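Every heavy atom of this structure was used, including side-chain atoms; hydrogens, water molecules and symmetry mates were not. Values in this document were obtained by computation on a predicted structure and should not be read as measured data. Naming: A, B, ... by sequence-line order, numbering from 1 per chain.
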Amino acid sequence: MPELPEVETTVRGLDPVLRGQRIARVQLHRPDLRRPFPDDLGQRLTGATVTALGRRAKYGLIDTDRGDTMVFHLGMSGRWRVDPSELLPHDHLVLETGAGRRLALNDPRRFGSVDLWPSAGLSTYPPFAVLGPEPLGPDLTADHLAAALKGRSASIKQMLLDQRIVAGLGNIYVCEALYEARISPKRAAGTVTRSRLQRLVEAIHLVLTAAIEAGGSTLRDFARPDGELGYFSKQFQVYGREGESCGCGGIVRRYVEGGRSTFWCPKCQR
DNA sequence: CCGACAACCTGACGGC
DNA sequence: TGCCGTCAGGTTGTCG
């Protein structure tokens, strides 16, 4: 389930396989995911050496010595499989390094994307141009949220899913962060008090950091790039727990807004 | 500008 | 066993 912690975990898993390595071969098994691959993707990657890996919001970044960055998004169901013994359905793109390691980008639903963009101008990559601050960076502050949410009648849940407000939170971690901050997901964003926004910033930090430390959560089809399982140590407090009891004595409830499930405790989240 | 909603896809699961 | 409806981590475009 690629939200920010899962992408971060993925990038950390890819780093030792790719960094400093030459890309010897690129196989494309279809021309597109959600968008077409760049026409010259294989040509521009083949023979290039990976100089660094990184992450912006839910996007993974693979820099090469040719001045290109391969920008990938895992969508809903994407993951990288490291050194697969055999290729499986939905292994749409395969990289092979000079050292003989193989990486397969598997994405059944194909909501992901792969692009190439000049490394020096990544801020002009169209999907990045509209992104808000990194949730774990210095720019996510109560000040920023107060300004961005001022006067907004949409729910705080909806606003936190908006990548222009904060870049990298998805449905699960928004639910978890709002629970951690004890803020009702239904509250109009513009009415969340300043002290509660501060608490929210801290909750976002806590929830994301814990998830990254746990190696990213595993939900159904997500696996760490090396395929290792069993690192799902960070339990969700509310997500997927409808009907279970909250520590406060309340019951975790679920409702649907904007087509997405929200899990929360109506007793202690206000 | 804002908010609601559909669309893009496949797979897993529960009910009958 | 098998069919069908429902739901899933995200993003983007359209419509009112």
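With rounding to whole Å, A:Arg260 atom CZ is found 6 Å from C:dG10 atom C1'. In this entry the distance linking CD1 of A:Ile165 with P of B:dC1 reads 13 Å, nearest Å. The separation between A:Asp162 atom CG and B:dC1 atom C1' is 13 Å, rounded to whole Å. Residue A:Glu3 contributes atom CD, which lies 13 Å from atom P of C:dA8 at whole-angstrom precision. Look at CG on A:Leu4: it is 13 Å from C1' on C:dG10, rounded to the nearest Å. Rounded to an integer number of Å, the gap from CG of A:Leu161 to C1' of C:dA8 is 14 Å. Atoms CE (A:Met76) and P (C:dT12) sit 14 Å apart, rounded to a whole Å. Computed from coordinates, the A:Leu74 CG to C:dG10 P distance equals 11 Å when rounded to whole Å.
Side-chain proximity of A:Arg110 to B:dG3, B:dT10, C:dT12: nearest is B:dT10. Comparing B:dC9, B:dG11, B:dG3 by their nearest atom to the side chain of A:Ser153 picks out B:dG3. Relative to the side chain of A:Tyr239, the nucleotides C:dG10, C:dA8, B:dG3 differ in distance, and C:dA8 lies closest. Closest to the side chain of A:Arg109, out of B:dG3, C:dG10, B:dC9, is B:dC9. Distance from the side chain of A:Asn171 is smallest to C:dG10 among C:dG10, C:dA8, B:dT10. Minimum atom distance to the side chain of A:Lys58 is reached by C:dG10, of the listed C:dG10, B:dG3, B:dG11.
The phosphate of C:dT11 has neither OP1 nor OP2 within less than 4.0 Å of any side-chain N or O from A:Arg35. Look at A:Gln163 and you won't find any side-chain N or O under 4.0 angstrom from OP1 or OP2 of C:dG10. Residue A:His73 places none of its side-chain N or O atoms closer than 4.0 Å to OP1 or OP2 of C:dG10. At the phosphate of C:dA8, OP1 or OP2 sits under 4.0 Å from a side-chain N or O atom of A:Ser261. Distances shorter than 4.0 Å separate none of the side-chain N or O atoms of A:His90 from OP1 or OP2 on B:dC9.
At a threshold of 4.0 angstrom between heavy atoms, the contacts of A:Gly170 are confined to the sugar-phosphate backbone, with no base atom among them. Among the heavy atoms of the strands, none lies under 4.0 Å from A:Arg164.
A:Met70 and A:Leu131 fall into different hydrophobic clusters, where Ile, Leu, Val, Met, Phe, Trp and Tyr are joined by side-chain heavy atoms under 4.5 Å apart, directly or via other members.
Using a cut-off of 4.0 Å between Lys/Arg side-chain N and Asp/Glu carboxylate O, A:Glu134 and A:Arg56 are scored as salt-bridged. The pair A:Asp68-A:Arg66 does not meet the salt-bridge criterion, since no charged nitrogen lies less than 4.0 angstrom from a carboxylate oxygen.
Between the P atoms of C:dC3 and B:dC9, the separation comes to 24 Å (whole Å).
Here the side chain of A:Ser184 pairs no donor or acceptor atom with the backbone of A:Gln269 at under 3.5 angstrom.
The pairing partner recorded for B:dC9 is none, the criterion being a Watson-Crick or G-U wobble arrangement whose two distances lie under 3.5 angstrom.
For A:Phe128 and A:Trp117, the ring centers sit 6.0 Å or farther from each other.
Put simply, A:Phe111 rests on the base of B:dC8: the two rings are less than 5.5 Å apart at their centres and nearly parallel, under 30°.
The side-chain tip of A:Arg55 does not point at the ring of A:Tyr59 from less than 6.0 angstrom away and within 45° of straight on.
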